[in-house]
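This report refers to the structure that appears directly beneath it.
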Amino acid sequence: MTRIAIVGVAGRMGRTLVNAVQQDDGATLAGGIVEPGSSLVGADIGELAGVGKLGVTAVDSLEAIADDIEVLIDFTTPQVTLANLAFCAEHGKRIVIGTTGLNDEELAELDAFRDRVPMVFAANMSVGVNLTLKLLETAAKALGDEGYDIEVIEAHHRHKVDAPSGTALKMGEVVAESLGRSLKEHGVFERVGQCGPRDPKEIGFATVRAGDIVGEHTVMFATEGERIEITHKASSRMTFAKGAVRAARWVADQGIGRFSMQDVLGLD
Ligand code: NAD
């Protein structure tokens, strides 16, 4: 049984993760961490997540439960995640990171832990999305530079704080890499006013934020006469949570290194 602690246990993903660990025969809940000073310290994390009392209370410091846990699952914010990586390095723990919205500097900081901590980091933990990344690679390689315009369109709920989504960026990166392009050079994240005709090599992004949409991504390959659209729609956060728990069980048996969901699922 992999002993898991959930950081950000009171959040949207945190509560869903409590459910997912409960449903998994190979994992057990060993801790739940809330924001320092939160009024939820001491609350039963099962009750917090709506699955009934579990006898595990929320704490606001990882130090307090360091001896009880093997793997952290962290869906919080970039700065909290970086602090948790330092904790893992110091205490010999493993971590599954779902946090998105890291800037280049934060990504470099995260990457520096690849020599100190066994970690899985993925902007999207769903099995379907990771399969979709494979399909995108195949499509981009087959269509090549044959005049197909590439656009990434994503939609999420009104509370999401980063844009475009980490998944949309990952999809753009996979397509760009398959075509020998750089997303930094060819990604277009804003079009407004007299922005002129489209550069054939650009990879455009469009973002929708509305209501309670869990997460939808489409990559469009459009040319004169036809259009191919590869779409993934998540209808419940459970898909991300189940993927994260699977990653936690997997990373429990790995040595130090930075891994992706493609590694976890054996898709690479
Ligand atoms: P949320 O705001 O509902 O939850 C974040 C939680 O973290 C909050 O409850 C907050 O109180 C808590 N938190 C903040 N600082 C903390 C600290 N120091 N210690 C402990 N807890 C702390 O957000 P959410 O919708 O659950 O999303 C969280 C992150 O996960 C976002 O970056 C989101 O984009 C990402 N996400 C990733 C995937 C994926 O598959 N990789 C899927 C969904 C969401």
Side-chain angles (χ1 to χ4, degrees), residues 4-20 31-43 45 48-50 57-66 69 72-88 95-103 106-107 110 119-133 154-171 207 209 211-217 232-248 251 259-262 264-265:
I4 293 175
I6 298 166
V7 192
V9 72
R12 280 177 287 265
M13 278 305 301
R15 292 169 198 241
T16 315
L17 281 157
V18 172
N19 265 279
I33 297 91
V34 291
E35 252 180 291
S38 166
S39 59
L40 295 169
V41 170
I45 64 173
L48 209 56
T57 51
V59 296
D60 63 358
S61 147
L62 275 167
E63 306 285 341
I65 54 169
I69 61 180
L72 298 186
I73 301 184
D74 183 333
F75 284 67
T76 56
T77 63
Q79 285 307 316
V80 174
T81 295
L82 290 171
N84 289 335
L85 272 162
F87 168 87
C88 288
I95 186 165
V96 172
I97 301 167
T99 306
T100 66
L102 286 81
N103 62 30
E106 290 163 339
L107 279 173
L110 177 145
M119 70 167 120
V120 176
F121 174 49
N124 197 307
M125 301 271 172
S126 111
V127 173
V129 158
N130 285 282
L131 176 61
T132 303
L133 293 175
E154 61 104 333
H156 280 86
H157 52 92
R158 58 167 71 125
H159 304 290
K160 185 161 176 66
V161 294
D162 53 316
S165 72
T167 307
L169 290 169
K170 181 70 188 172
M171 289 178 167
T207 296
R209 290 288 174 266
D212 61 355
I213 301 169
V214 173
E216 300 187 0
H217 295 85
H232 178 272
K233 294 185 182 181
S235 48
S236 151
R237 287 188 178 83
M238 203 57 176
T239 181
F240 312 126
K242 281 192 166 161
V245 177
R246 187 164 166 176
V251 82
F259 304 100
S260 68
M261 274 309 278
Q262 306 279 312
V264 174
L265 302 172

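We're numbering straight along the sequence, starting at 1. As the structure lists them, so they are numbered: ligands from 1, and atoms in each ligand from 1.
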Check salt bridge (Lys or Arg N to Asp or Glu O under 4.0 Å) between Lys242 and all other residues, then give those that pass, not counting sequence neighbours.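 Expected list: none.
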
Flag [X] as yes when one of its N or O atoms lies below 3.5 Å from any N or O atom of ligand 1, and as no otherwise.
X: Ala122; answer: yes
X: Pro36; answer: no
X: Lys160; answer: yes
X: Thr99; answer: no
X: Gly14; answer: no
X: Val7; answer: no

So between [options], whose heavy atom ends up nearest [atom]?
atom: atom 9 (O) of ligand 1; options: Gly215, Gly101, Ala244, Gly11; answer: Gly11
atom: atom 19 (N) of ligand 1; options: Thr76, Val59, Val34; answer: Val34
atom: atom 37 (C) of ligand 1; options: Gly98, Ala123, Ala241; answer: Gly98

What residue and heavy atom of the protein are closest to [atom], and at what distance?
atom: atom 40 (O) of ligand 1; value: Met125 N, 2.8 Å
atom: atom 17 (C) of ligand 1; value: Val80 CG1, 3.7 Å
atom: atom 14 (C) of ligand 1; value: Glu35 CG, 3.3 Å
atom: atom 23 (O) of ligand 1; value: Arg12 NH2, 3.7 Å
atom: atom 26 (O) of ligand 1; value: Met13 N, 2.8 Å
atom: atom 5 (C) of ligand 1; value: Phe75 O, 3.8 Å
atom: atom 33 (C) of ligand 1; value: Thr100 OG1, 3.8 Å
atom: atom 12 (C) of ligand 1; value: Gly8 CA, 3.8 Å

How far apart are the closest heavy atoms of Met125 and Ala122, and which atoms are they? CE-O, 3.8 Å

Which atoms form the tightest heavy-atom contact between Val34 and Ala10, and what is the distance?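 For Val34 and Ala10, the tightest heavy-atom pair comes out as CG1-CB, 4.1 Å.
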
Taking the side chain as everything from C-beta on, heavy atoms only, tell me whether [X] gets closer than 4.5 Å to [Y].
X: Thr239; Y: Val214; value: no
X: Arg209; Y: His157; value: no
X: Leu102; Y: Pro78; value: yes
X: Ile33; Y: Ile6; value: no

Among the heavy atoms of Ile33, does any lie under 4.0 Å from an atom of ligand 1? yes

Measure the spacing between CG of Leu107 and CZ of Phe121 and express it to the nearest 0.5 Å.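 It is 5.5 Å, given to the nearest 0.5 Å.
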
Pairing residues for His232 by the ring-ring contact (aromatic ring centres under 6.0 Å, His included) criterion, not counting sequence neighbours: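 His232 satisfies ring-ring contact (aromatic ring centres under 6.0 Å, His included) with no residue once adjacent residues are dropped.
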
Judged by modelled atom types alone, do Thr100 and Asp162 share a side-chain donor-acceptor pair under 3.5 Å? yes

Does the side chain of His217 come under 3.5 Å of the side chain of Ser165 through a donor N or O and an acceptor N or O? yes

Which of the numbered atoms in ligand 1 are under 4.0 angstrom from any heavy atom belonging to Ala10?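 So the atoms of ligand 1 that pass are 9 (O).
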
Salt bridge check: are Lys160 and Glu154 linked by an N-O gap of less than 4.0 Å? no

